Participant: 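Structure in structure tokens, see below.
All ligand and atom numbering here is 1-based and tracks the order in the structure. Owing to the predicted nature of the structure, the values given are computational and were not obtained by experimental measurement.
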Amino acid sequence: MSSIVRTRIAPSPTGFLHLGTARTALYSWAYARHFGGQFVLRIEDTDVARSTQDSVDQILASMQWLGLDYDEGPIYQMQRLERYQAVVQQMLAAGTAYRCYCTPEELEAMKAAQEARGEKRRYDGTWRPQPGKVLPPVPAGVDPVVRFCNPPDGDVSWEDLVKGRITISNREIDDLIIMRPAAGGGPDALGVPTYNFAVVVDDWDMAITHVFRGDEHVNNTPWQINIFNALGAPLPLFGHLPVILGDDGQKLSKRRGAVSVTAYEENGYLPEAMVNYLARLGWSHGDEELFSREQMVQWFDGEHLSKSPAQWDAAKLAWVNAHYLKNTDDATLAPLVAAQFARRGIAAAIDDVLARRCGLFKDRCATTVELADWLTMYFADVTPSTDDLAAHVTDAVKPAVQTLRGKLEAAEWTRPAIAAAIKETLAAHGLKMPQLAHAVRVLVCGRAQTPSLDAVLELFSRQQVLERLQSR
Ligand code: GLU
């Protein structure tokens, strides 16, 4: 085996990049980076009916958004059909694979008979060559599949990087199909490999040393190990990551909320926060909760991977995101918030004022969606509630509001000058700051609670403030 660590992520483009796959990608990436190795992106698009270009685009965009850069790829399996074909030929010649001419009807009947006998469903070996065995005559008009000659006895055993020693008996597994004929293809059409076969040829050809993937693949690994062995290929190490459970303890799924990386981008999460949160979902480094991508790479050596399922915790993710939001430069937040506004049909210029608005409100937000919610007051009319108007814009305060408005008409439009105008107004009317500030906030911002009034007002245009304070 190559001494260079080589990992890969191999998503199927039958949908967006799922959070579970994103976590596997992150671990694979971090592992390669930690050991100065290489990380490969492979697109497993052999499920032709369900694979789409749109999914490929989304997967690539999500990888980029998360900052998971790859050294090779994307490599598309459908562009490697000739290679799989060549390996199949080699296996047929070596007797480690054979053609099976069973029709779907025969396989159905086989399954029904096994079920009737209370047996596990498995291929019965009709076409498996054996010394001294006479195979049935090859039927006309049936395109054969190719099956792998799985060893009939013995165990397959490996030291899983996450789960420890796993042993599965060969008696549990049958001769799996490794290649199907091309749908509607002629005699020269290249067959399409099945997942368990293509994955082995690829991991071999791409010199993958460490395979991290979801534990739904544990049962596939014995087949894959047997195929590696049949090919005389060096075995990678395998690490199967436990599932991610939703807030409700059920497997995280679309029905239970957002499961795509894209959805989190749209919902105002930052890639650094996602990376940090996903990293902790099944791995730990002491009791560190907040760490940078660089720290993760420094620490991620394959130890301390959790054996038990991780629980998705939306509140914790929001907390992590709030931390990153607070620590992100205002100028970096501006285009992200502008993108949120664009989704709402509001064109917000990406400028210094927007950056300063972000800076003023970011401490109280968990996402850029919430930040955009707050900043909407700068871009669209506000409608104060009747309760707020009744509670804060009282007859006792209204004259002071007009005094302030008058002063603001002439004031220099800076925070100190606005602060001075507020102070003078309070003195002139004998009011306390909250009385005036609440009223002005309700009228200008549409709500009674905001950061410091002078700072908030300065980031409106004078015109906006004067209009909203008009004749109240
Ligand atoms: N295409 C497979 C999946 O998305 C890859 C599994 C593997 O990493 O081997 O589940």
Participant: Would Phe212 count as a polar contact of ligand 1, with the cut-off being nitrogen or oxygen pairs under 3.5 Å?
Facilitator: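 Such a contact does not occur with ligand 1.
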
Participant: Among protein heavy atoms, which lies nearest atom 9 (O) of ligand 1, and at what distance?
Facilitator: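 In this structure, atom 9 (O) of ligand 1 has Tyr195 OH, 2.7 Å as its nearest protein heavy atom.
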
Participant: Looking just at side-chain N and O atoms, do Asn321 and Trp319 make a donor-acceptor pair shorter than 3.5 Å?
Facilitator: no

Participant: Below 4.0 Å from ligand 1: does a non-hydrogen atom of Gln224 turn up there or not?
Facilitator: no

Participant: Ignoring hydrogens and angles, write down the donor-acceptor pairs under 3.5 Å from the side chains of residues 94-103, residues two or more places apart or on other chains.
Facilitator:
| from | atom 1 | to | atom 2 | distance (Å) |
| --- | --- | --- | --- | --- |
| Thr96 | OG1 | Met91 | O | 3.4 |
| Tyr98 | OH | Asp175 | OD2 | 2.6 |
| Thr103 | OG1 | Glu105 | OE1 | 3.4 |
| Thr103 | OG1 | Glu106 | N | 3.1 |
| Thr103 | OG1 | Glu106 | OE1 | 3.4 |

Participant: For atom 8 (O) of ligand 1, what's the nearest protein heavy atom and its distance?
Facilitator: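 For atom 8 (O) of ligand 1, the nearest protein heavy atom comes out as Arg8 NH1, 2.5 Å.
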
Participant: Applying the ring pair (Phe, Tyr, Trp, His ring centres under 6.0 Å) test to Trp283, which of Tyr277, Phe212, Phe300, Tyr27 qualifies?
Facilitator: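 Considering Tyr277, Phe212, Phe300, Tyr27, a ring pair (Phe, Tyr, Trp, His ring centres under 6.0 Å) with Trp283 is found only for Phe300.
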
Participant: Please list, in number order, the atoms of ligand 1 under 4.0 Å from a heavy atom of Glu44.
Facilitator: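 With Glu44 as reference, the close atoms of ligand 1 come out as 1 (N), 2 (C), 5 (C).
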
Participant: Using the side-chain contact (heavy atoms from CB on, under 4.5 Å) definition, which of the options Gln114, Glu115, Glu172 pairs with Lys120?
Facilitator: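 With Lys120 as partner, Gln114, Glu115, Glu172 yield a single side-chain contact (heavy atoms from CB on, under 4.5 Å), made by Glu172.
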
Participant: Which heavy-atom pair separates Ile177 from Arg180 by the least distance, and what is that distance?
Facilitator: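 Taking every non-hydrogen atom into account, CD1-NH1, 3.6 Å.
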
Participant: Number the atoms of ligand 1 from 1 as they appear, then name those within less than 4.0 Å of a heavy atom of Val199, with their elements.
Facilitator: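 So the answer, numbered in order with elements, is 9 (O).
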
Participant: Say whether Glu216, considering both its backbone and side-chain N or O atoms, lies within less than 3.5 Å of an N or O atom on ligand 1.
Facilitator: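 Looking only at distances, the answer is no, because the N/O contact criterion of under 3.5 Å is not met.
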
Participant: Nearest protein heavy-atom contact for atom 3 (C) of ligand 1: which residue, which atom, what distance?
Facilitator: His217 NE2, 3.7 Å

Participant: Which residue pairs pass the side chain to side chain donor-acceptor pair (under 3.5 Å) test with at least one member in residues 193-203, sequence neighbours excluded?
Facilitator: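 For residues 193-203: Arg8-Asp203, Arg42-Asp202, Arg42-Asp203, Gln77-Asp202, Arg80-Asp202, Tyr84-Asp202, Tyr195-Arg213, Tyr195-His217, Tyr195-Gln224, Asn196-Asn220, Asn196-Gln224.
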
